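What follows is one structure encoded as structure tokens, with my remarks underneath.
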Amino acid sequence: MSNAVETLERALGECREGYSLPGAFYSDPGIFELECDAFLKRQWFVAGHQSELPNQGDYVVVEVAGASIILVRGRDGELHAMHNSCRHRGALICVEPKGSVRQLTCRYHAWAYRLDGSLQAWRHMPAGLDKADFGLVRCGVATFEGFIFITLDPANAPDFSTLTAHLKPYWAPYHLAECKVVHRETYHMQANWKLAIENNLECYHCLPSHPEYSSVSGFVRADEKISPAAIEAHAVHRAKLESLLAGLGMPSERSEIRWVGGQLARAGIIPLSEGVSTASKGGEPVAPLLGELLAYNESTTTGAFGFTSYLFAANDYALSVTYIPRDAGRTDVVAKWLVRADAVEGRDYDLDALRWLWDETTKQDKAIIELNARGVETRGYRPGPYAELEGQTAEFVSQYLRLMRETARG
Ligand code: FES
Ligand SMILES: [Fe+2]
């Protein structure tokens with residue numbers, strides 16, 4: 001038995017239902033390797049938006065869980081995703097993070113691949129070998145409302161349409177496929193990816209850590225039971241919003257969750273505070289209304305696709321967040337802001353105003369997630385109990401442990 005499996009078994013033996021994980025899960029490189037195979041490879045995650053690859057040959061390179069993936073728009077207009085490693089002796093093919101190409105040519109010995117990853121040309125190879133056997137290794141690709149999702153393990157990932165079927169009505173009114181990405185930010189976190197996901201799935205930390213987000217999101221004070229008045233005000237506001245959304249033919253569930261193959265598929269409508277138009281500094285509008293919306297309705301839509309991708313839409317902009325595990329102790333968080341395709345910077349939106357709230361909030365999250373990472377590495381760390389407001393975090397940990405137990409059993 002490998003050392004990594006022994007470490008995993010020992011750590012699994014220390015787990016307690018409803019408690020945070022033992023320290024080895026947040027730092028051990030062997031466990032990270034095992035979870036890449038058991039868990040991360042099977043995730044569907046947001047790799048981009050179709051507005052980032054408008055033309056044939058446009059590509060981006062996405063680094064995730066030890067893999068480098070080329071996402072490219074082919075001659076047929078279809079999207080293709082494949083591993084960025086030549087089938088000859090493995091050299092990296094695309095070196096730049098994005099660009100546009102006619103074909104994918106390896107610099108080393110000039111093997112050339114078509115945009116769908118099939119091998120087009122090689123030189124002086126022995127007779128008897130068939131080019132058809134040496135195409136680039138393919139990943140799974142799917143789209144949802146203009147967002148491009150990838151999975152590294154299409155054979156074992158859940159079916160994408162099953163994962164997303166019930167989520168469509170929540171997003172349809174925003175016409176996100178017709179939006180464009182206007183800003184990208186990568187936040188490098190010195191923390192294990194699970195600490196970042198645990199943080200994202202609960203708002204128990206919102207009141208102490210996100211004063212700006214909490215002030216525009218009335219549910220935070222109500223969930224915290226700050227006062228009977230806050231609870232009452234939020235309930236009245238929510239009821240009004242529900243009848244408004246029903247009139248528009250939109251769903252209004254706060255959080256509709258399904259588990260598909262151990263993966264989270266969640267969408268929900270979250271009211272803003274009364275009188276707040278959008279999730280911004282002071283709640284003022286920051287861009288033209290999206291899609292079919294005719295007026296601000298004081299709500300936002302949020303959703304999770306698996307555990308590593310998160311979408312958010314206010315009435316006038318959208319945000320995608322992808323958690324990219326780099327190794328046992330580092331996670332990149334890639335955030336992209338989107339507005340209507342016809343919006344013009346300076347006239348219709350101001351970039352600083354658009355990105356302010358989520359940039360501040362994500363920087364605050366980075367600070368607390370890194371504090372968490374430092375604390376769980378100390379000798380004094382003992383796993384602690386999750387609060388009621390951390391229900392989805394506890395569920396994530398239990399789904400994760402189920403898969404890791406299967407891995408330990410072999
Ligand atoms: S490694 Fe790519 S052609 Fe040789
Ligand atoms: Fe947060």
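Since this is a predicted model, take the numbers as computed values, not measurements. For ligands, and for the atoms within them, numbers begin at 1 and follow the listed sequence.
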Proximal atoms of ligand 1 relative to H88 (non-hydrogen, under 4.0 Å) | 1 (S), 2 (Fe), 3 (S), 4 (Fe)
Can you list the atoms of ligand 1 that are under 4.0 Å from a heavy atom of W111?
-> 3 (S)
Quick check: does C86 put an N/O/S atom under 2.8 Å from atom 2 (Fe) of ligand 1?
-> yes
Validation row, ring centre W358 to ring centre F312 under 6.0 Å = yes
Please assess E14 against R10 for the test salt bridge (Lys or Arg N to Asp or Glu O under 4.0 Å), listing each intermediate value before the final yes or no.
-> CA-CA 7 Å; E14 293 166 13; R10 212 170 26 249; 5.4 Å; no
Atom 4 (Fe) of ligand 1 contact by C106, N, O or S atom under 2.8 Å | no
So, E52 and R184, do they make that salt bridge, N to O below 4.0 Å?
-> yes
N-O pairing of E274 and K240 below 4.0 Å = yes
Could E406 and R402 be called an ion pair, given the rule that one side-chain N must be under 4.0 Å from one carboxylate O?
-> yes
Provide the atom name of the closest N, O or S atom of D365 relative to the Fe ion (ligand 2).
-> OD1
How about H205: does one of its N, O or S atoms come closer than 2.8 Å to the Fe ion (ligand 2)?
-> yes
Charged N to carboxylate O below 4.0 Å: is that the case for R254 and D223?
-> yes
Within a distance under 4.0 Å of any heavy atom of A91, pick out the atoms of ligand 1 and give their elements.
-> 1 (S)
Could you list which atoms of ligand 1 come closer than 4.0 Å to a heavy atom of H109?
-> 1 (S), 3 (S), 4 (Fe)
Salt-bridge present (E370, R374; N to O < 4.0 Å) | no
Residue H210, metal the Fe ion (ligand 2), N/O/S under 2.8 Å = yes
Distance from atom 1 (S) of ligand 1 to nearest protein heavy atom, with residue and atom = R89 N, 3.4 Å
